[in-house]
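Start at 1 and go down the list; that is how both ligands and their atoms are numbered. Quantities reported herein were computed from a predicted structural model and do not represent experimental measurements.
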Amino acid sequence: MFSKNELVTIEITDITDEGSGVGKAEGFTVFVPETAVGDRVRARLVKLQRSFAYGIVEELLAPSLDRIASDCTVYRQCGGCSLRHITYGAELRIKQNWVEQHLRRIGNITTPVLPIRGSPAQNGYRNKTQCPVRSDGQAVRLGMFGKRSHRVIPCTNCRLQPAHFEPILLAVQAFIEECGISVYNEENHTGLLRHVYIRTAEATGETMVCLVVNGDSLPHSEVLAKRLTACCPSVKSIVLNCNKARTNVILGKACKTLWGNDSITDILCGLKISLSPLSFYQVNRAGAEQLYGVAGEFAALTGSELLLDLYCGTGTIGLSMAARARELVGVEIIAEAVENARQNARENGITNARFLCDDAKGAAAKLRAEGLTPDVVVLDPPRKGCEHEVLETVAAMFPARIVMVSCNSATLARDLAALELLGYQTVRVQPMDMFPRTAHVECVCLLTKSRRNAIT
Ligand code: SAH
């Protein structure tokens, strides 16, 4: 048996789906973060459990060919990029393997997985950041939460975000210090400024800065507006988001525009897309265009179909296919996103679309009761996947095809398995890398009504 702090020599043979290397020491499993498959390391065992241990690299004895030097100064402390120390080619292989393993092990899905498509950009691809603002007792800290902690690692130039976010973050930091704005303290739920949330519309350059506060107003906001617009002319909207709850959820429900427009406009798949602070929008715009392209291929619309887009956000997936559909019905739970979706349809001259603000489960049941018979259903749920009732109702509407988009291959596997039992067959699985350098992978799947399992 090993003891704490013991040094062991390990060959890394796999990467877990959290991005940690894993190997064996005398048959005992050891997880070692920041390693690559093929590394031989001397690791210190820092935490021992009954059947496995956590180690940290004490010495790299022989590096893997997949290894590269990480180009980020806070890489070790920040939990964001767990794969920044390996080549992008190796990262894609790892993600392909995650999808294959999850589908097979969790869902017993045997459909061959198509080769993963990489992201057009591996850095600077995120159009959004949400930086926590805290104090370390003396100075204001603005950056990222550290791995599994709520300690803020100061960082205003994350490699995943566009370059113009840094002057914005620095201007907010200077404003806090000069105007004496208090910053949030999680322990006693005091202080005002909690997060700085920035979102940019890459195609137009329009940028929104949203200040999340534990209160109803921000003193000296006119000073902030002057500073932000002076340092970054692409800032078109400054918004206050009020979040007075004792919660880890970043955004509250109420937004007030402090300066400029209420929303910003991006162009995605040739469509003008209006974005409010609370609306979901894919963080990797160029990746999203690829993703929607594949979803469109899988939907294979010919102009005569009724398309149902559940979990539609601002309507982007459905609207990108609306010209090839007879009619589009979108469902989304966030009211602001539904408003955006309706506006997006109007502004793009799309007249065959309607959007319902409702929970997917309730809306699907209502639409079915009304006799809606969609030919194609797009499902793009949040990470936790679809509620089983949603899948049951969708299957009971007998669409010819279901296009499932997911950012979590574990819940995807569960949902595909459920749809297979409900009479559908997974015929295509296309992994896509929307989140380079991080331990996340997106998938688009096509399911068709299966004769084998057809329900009557
Ligand atoms: N298809 C969109 C959004 C996908 S993200 C796009 O590609 O941009 C998932 C969306 O589901 C989010 O907009 C979220 O607000 C919404 N959502 C989450 N739970 C929901 C539910 N129970 N019913 C309907 N929509 C839900």
Review point. Do Thr426 and Glu420 get their side chains close enough for a donor-acceptor pair, meaning under 3.5 Å?
Key: yes
Who's the nearest protein heavy-atom neighbour of [atom], and how far?
atom: atom 25 (N) of ligand 1; result: Ile333 N, 3.3 Å
atom: atom 22 (N) of ligand 1; result: Asp359 OD1, 2.9 Å
atom: atom 4 (C) of ligand 1; result: Asp380 OD2, 3.1 Å
atom: atom 3 (C) of ligand 1; result: Phe280 CD2, 3.3 Å
atom: atom 24 (C) of ligand 1; result: Ala360 N, 3.4 Å
atom: atom 16 (C) of ligand 1; result: Glu332 OE1, 3.2 Å
atom: atom 11 (O) of ligand 1; result: Tyr311 CB, 3.5 Å

Review point. With respect to Arg437, which candidate in Glu91, His85, Gln122 satisfies the side chain to side chain donor-acceptor pair (under 3.5 Å) definition?
Key: Glu91
Practice item. Check each of His102, Gln96, Arg104 against Glu100 using the side chain to side chain donor-acceptor pair (under 3.5 Å) test, and report the only one that passes. Key: Gln96
Check your understanding: Would you call Asp66 and Arg93 a side-chain contact if the rule is heavy atoms closer than 4.5 Å?
Key -> yes
Review point. With a 4.5 Å limit on heavy-atom distance, are the side chains of His189 and Tyr184 in contact?
Key: yes
Practice item. Using a strict 4.0 Å cut-off to heavy atoms of Ile334, name the atoms of ligand 1 that fall inside it. Key: 15 (O)
Main chain of [Y], side chain of [X]: is a donor-acceptor contact present, judged purely on distance under 3.5 Å?
X: Arg126; Y: Phe435; result: no
X: Glu289; Y: Cys269; result: yes
X: Asn340; Y: Ser276; result: yes

Exercise for review: Assign the ring pair Tyr54 / Phe31 to parallel, tilted or perpendicular, where the plane angle (0 to 90°) is split at 30° and 60°.
Suggested key: tilted
**Study point:** Contact check, Asp358 vs ligand 1, heavy-atom distance below 4.0 Å
**Key:** yes
Practice item. Say whether Pro382 and ligand 1 are in contact under the criterion: heavy-atom distance to a ligand atom below 4.0 Å. Key: yes
Counting heavy atoms only, which part of [X] comes closer than 4.0 Å to ligand 1: side chain, backbone, both or neither?
X: Tyr292; value: side chain
X: Cys312; value: backbone
X: Thr316; value: side chain

